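See structure below.
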Amino acid sequence: MMQSKKSKFGISSLSLAISFALAGSVVSAQAFAADEEVAKKENVEKIAVVGSRAAPRSIGDSPVPIDIISSDDLKKNGSTDMIDMLVTSVPSFNSRAQPISDAATLVRPVNLRGLPSDSTLILVNGKRRHRASVIAFQGGGINDGAQGPDISVIPGVALKQVEVLRDGAAAQYGSDAIAGVMNFVLKDASEGGSITVSQGEYYEGDGAATTIDGNIGLPLTDDGFVNISAQYKTADETSRSVQRPDAAAIADAGNTSILNPAQTWGNPEINDDFTVFVNSGFDINDNTHLYAFGNVSSREATGGFYYRNPHNRGNVYSVDGGENLLVGDVGLATDGVATCNNMNVPIPKIDTDGDGIPDQDGNVLGTDAYQAMVADPNCFAMNQIRPGGYTPQFTGKIEDMSFFAGVKGELGEWMYDVSAGTGSNKASFGLKNSLNPSLGLDTPTDFDTGSYEQVETTVNIDFSRFVTIGSLEDISFATGFEWREESFEIAQGDNASWTAGPYADQGFNIGSHGFKGFGPESAGKNDRNNIGIYTDVEAYLTEDFLLGIALRYEDFSTFGDTLNYKLTAQYVATDELSFRASHSTGFRAPTVGQENVVNTQTSIVNGDLIQTFIAPPTNPLAAFYGGEVLNPEESVSFAAGFVYQYDNLFLTVDYYNIEVTGRIAQSSQISVEASDYDALRAAGVEFPELISAVTFYTNDFDTTTQGVDVVASYTTEMLSGDAKFSLAYGWTDTSVDKYDPETTDAGKVRRLEDGIPAHRATLTWGQSWDDLSMSVRGNMYGEYYATHADDTSDWGSEVADAAVTIDLEVSYAVLDNLTVSVGANNIFDQEAQKLKDGTLGELGAVYYESGPFDYNGGFYYGRVNYRF
């Protein structure tokens, strides 16, 4: 066996590599403990497998920036959602609430370093995680149209640590790694375990959440392990709503069917949220190790949609903006002969502000014209079913599973890792309290609208070894092959959710209102496959200078091939200071879902609700308005920074610059004009007069994103105990260099540039004594461009103020193996940005839900943890 050389940080690359294959390997618990207490007692450095195809490295000895968040750090949070736990730990990681956002309510999108969720590659135990089936149709600008993995499926109890590579890595790991890589490392203990029960709710008295989780490690003979983790969660809905003025005026005018509030802005109700992760490994002999891991998960969610005003909601109650009711003619629909003689039902107007000008609807139900229409059996209006209007409830069930298995070991001087795995994510959608207006009074009110399903299968073969060339020893050489297939399937909804009923020709909306079901023209399965081949070389050219080169070729069955490279370097200037830099090219292939998804959504534009059809870019409707076949995004990245370690102080500062050309995003809502109806019909579009606008996916943007990440920690003895201070700061700036004004409006561009705070910081003070510990965390959020829902007009947008929230947790060890914790997120109940004057309450909302922190307010909780 060849001898390895140590860097100035004292890490032996070859000795580390003995327990690992490549970046896809499972970290050995005997070699590296992620638990912070074990690391402190044994003085073990935290080690990451991402960022290099060579031996795993300490975070201080890495030529690219890496964060490692231990399982204990993740738990110091009132939320048990993985997204919320990571937002407070990673400087350039952001997410926003999604209260009324179609399927994005079910799978909340995230972003790293100012790029969408599908620009960050997610790994579990070093293996590619499948993406979610849900596409974020209303993703807050940055994530509009993104289809990333659902990381909220992964429970903190199953993890040993999370490794976050904040650097472009497409040349190492393939598509989706433009922003970076997140590797979720599962626990691999063969003994012991824990049970935890958490309970909390918001200061407002709603949103009560209960979480029960457990973990157990079991031996698999003397040579292996099986580690099982399970979690079960429920959460009540929240409401930060006020009554809409239009609903209040109609109620004041005598309509007793108006609910208060008519529309709810808040978190969805979560039921039966469970997940089970299993991780296992077995040593066949000293040189061969088998491993397998996977998960089964499911959750159900119910959230609200927009309120449908019973007087003016287009193609349900009116077709002229609320001047008159939309009245159906039964005879015309039945045998083509008009029989309704009471079609003219004017909607009365009232003066609500006393200026002498009618400005709100009255109550049409009490008018003589309405009563005469109801008395005529040949006439009808949807008010007869929903006299107070209605707010559909969006329901969804997310089912997720994965399984990977492989073998790794040594063959002479070579290390190998061969694995295969599959994963799927299925989102089944439904609507309650809705209508298919085109069916008239025979419409059902609850619908099964169909489902999306994403399935991915991956095969990897990886080899690595150390070689000597001339005077250069221990050159790390890695190469490998990947084959991947992914499919996206749309399953048909029930007939009533999509059918065009007998009243469609009279102007009544087709399909379940709020979320039209998937019909036979939308249903189907599309797939593609690709192969990838990579080579990665790293070597110390001198004792102090590390240079790495990676090259990756990929060939996709749908759009061709691509070749990308990456260069990394690190120079150790002194025992305390080292400099690092990287340069890479990258790509992100459009997902099969983005190429083929079909949906109908309700959007806000200038304060008005419109029905928008989301079409594949090659669909006749999309193509008519500029849709084209999608191409991969391409990127060029530069990064440079330094690492400083002195005594108990650890500091990293890194600058990055990412240029993305042909960035894939969802277009703005493009109005379907009446003058185009005949041409659209000729192109094969049915009932174009019932479609207000169309949107599709397009390679619309060229952007430049730059930023600075600062990560620091300091440990000391203080207050008769041990103290640790941690700082994570991120500055992110995105500029849109080019876009097509025909498919994108200026408001969407501004939301892409300024929709997240340019400045984010988290400062944490952890203090521990013998049986008592405390964690205080301050979260700073800079100014950002706040938008209400998906409205980027001046009506619904403004620059929001910077804010600071404080989190606190106190834990006490009642027994050696029993700990009780209490705490609060946003303990001082920092209020989120309120909607500006002129929009406050107009849609029943108080706060901009697009903010960077939870607009529901303070959340307090208690937790009991038992270890065995």
Side-chain angles (χ1 to χ4, degrees), residues 16-32 47-50 52-56 121-130 149 154 158-161 163 172-174 181-190 217-218 220-221 223-229 276-296 401-424 455-465 478-486 529-534 536 552:
L16 292 179
I18 297 300
S19 300
F20 301 87
L22 300 172
S25 304
V26 180
V27 184
S28 168
Q30 290 73 25
F32 306 110
I47 306 296
V49 299
V50 296
S52 171
R53 289 285 184 177
L121 177 62
I122 303 299
L123 308 175
V124 174
N125 280 352
K127 304 301 180 184
R128 177 183 284 264
R129 179 76 177 170
H130 60 277
I154 306 172
L159 299 177
K160 185 163 63 174
Q161 65 185 34
E163 304 164 356
Q172 296 167 295
Y173 300 100
V181 180
M182 303 181 75
N183 183 33
F184 294 83
V185 183
L186 301 177
K187 290 179 178 176
D188 54 5
S190 60
L218 302 171
L220 189 61
T221 72
D223 300 313
F225 71 91
V226 176
N227 194 278
I228 305 171
S229 302
V276 177
F277 268 79
V278 178
N279 188 29
S280 62
F282 182 78
D283 292 327
I284 297 178
N285 53 48
D286 291 343
N287 296 322
T288 307
H289 177 77
L290 296 176
Y291 60 88
F293 60 91
N295 78 285
V296 176
M401 64 78 60
S402 68
F403 178 76
F404 266 86
V407 58
K408 62 180 181 178
E410 296 182 52
L411 288 174
E413 298 293 332
W414 288 92
M415 292 180 288
Y416 68 90
D417 187 347
V418 179
S419 66
T422 186
S424 69
V455 178
E456 297 181 30
T457 301
T458 305
V459 176
N460 289 98
I461 304 174
D462 301 308
F463 297 95
S464 67
R465 63 168 296 171
T479 187
F481 167 85
E482 179 180 83
W483 175 85
R484 186 160 56 95
E485 181 180 65
E486 63 174 302
N529 60 74
N530 70 286
I531 59 170
I533 303 172
Y534 74 88
D536 193 310
R552 188 181 185 96

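Computed from a prediction, not measured in an experiment: that's the story for all the values here.
Asn279 places a side-chain N or O within 3.5 Å of a backbone atom of Lys187 that can act as its donor or acceptor partner. Side-chain N or O atoms of Arg484 include none that pairs as donor or acceptor with a backbone N or O of Thr458 at under 3.5 Å. Judged by distance alone, the side chain of Asn287 and the main-chain N or O of Glu410 form no donor-acceptor pair under 3.5 Å. Counting only distance, with no hydrogens or angles, the side chain of Asp417 and the backbone of Gly406 share no donor-acceptor pair below 3.5 Å.
Taking every heavy atom of both residues into account, Ile122 and Pro149 meet most closely at CG1-CG, 3.6 Å. The two residues Ile533 and Phe481 have their closest heavy-atom pair at CG1-CD1, 4.1 Å. Closest non-hydrogen pair, Ala420 versus Val459, comes out as CB-CG2, 4.1 Å. Of all non-hydrogen atoms in His130 and Gly423, the two that sit nearest each other are ND1-CA, 3.4 Å. Of all heavy-atom pairs between Gly224 and Ser190, the closest is O-CB, 4.1 Å. Closest approach of Asn125 to Asn183, counting heavy atoms only: N-OD1, 3.5 Å.
Applying the ring-ring contact (aromatic ring centres under 6.0 Å, His included) rule to Phe404 yields the partners Phe293; only residues at least two apart in sequence or on another chain are considered. Remark: Asn295 pairs with Arg129, Ser297, Asp400, Ser402 by the side-chain hydrogen bond (donor to acceptor under 3.5 Å, both in side chains) rule, at least two apart or across chains. Scored by the side-chain hydrogen bond (donor to acceptor under 3.5 Å, both in side chains) test, Asp283 finds His289 as partners (sequence neighbours excluded). In this structure, the side-chain hydrogen bond (donor to acceptor under 3.5 Å, both in side chains) partners of Glu456, at least two apart in sequence or on a different chain, are Gln454. Partners of Asp286 under the side-chain contact (heavy atoms from CB on, under 4.5 Å) rule, at least two apart in sequence or in another chain, do not exist in this structure. Here Ser424 pairs with nothing under the side-chain hydrogen bond (donor to acceptor under 3.5 Å, both in side chains) rule; sequence neighbours left out.
In this structure, Ser280 OG and Leu186 CG are separated by 10.0 Å, a value rounded to the nearest 0.5 Å. The distance from the CG atom of Asp536 to the OG1 atom of Thr479 is 9.5 Å, given to the nearest 0.5 Å. Between the CE atom in Met415 and the CG atom in Asp462 there is a gap of 11.5 Å [rounded to 0.5 Å]. Considering CG of Leu123 and OH of Tyr173, their distance stands at 6.5 Å, rounded to 0.5 Å. One distance of note links CD of Glu482 with CG of Asn460; it measures 4.5 Å at 0.5 Å rounding. Rounded to the nearest 0.5 angstrom, Thr288 OG1 and Leu411 CG are separated by 7.0 Å.
Two residues are said to be in side-chain contact when any heavy atoms from C-beta on lie closer than 4.5 Å; Leu220 and Phe225 fail this criterion. In this structure, Arg128 and Leu121 have side chains that are in contact, with non-hydrogen atoms separated by less than 4.5 Å. Taking 4.5 Å as the limit, every side-chain heavy atom of Val185 sits out of range of all side-chain heavy atoms of Leu159.
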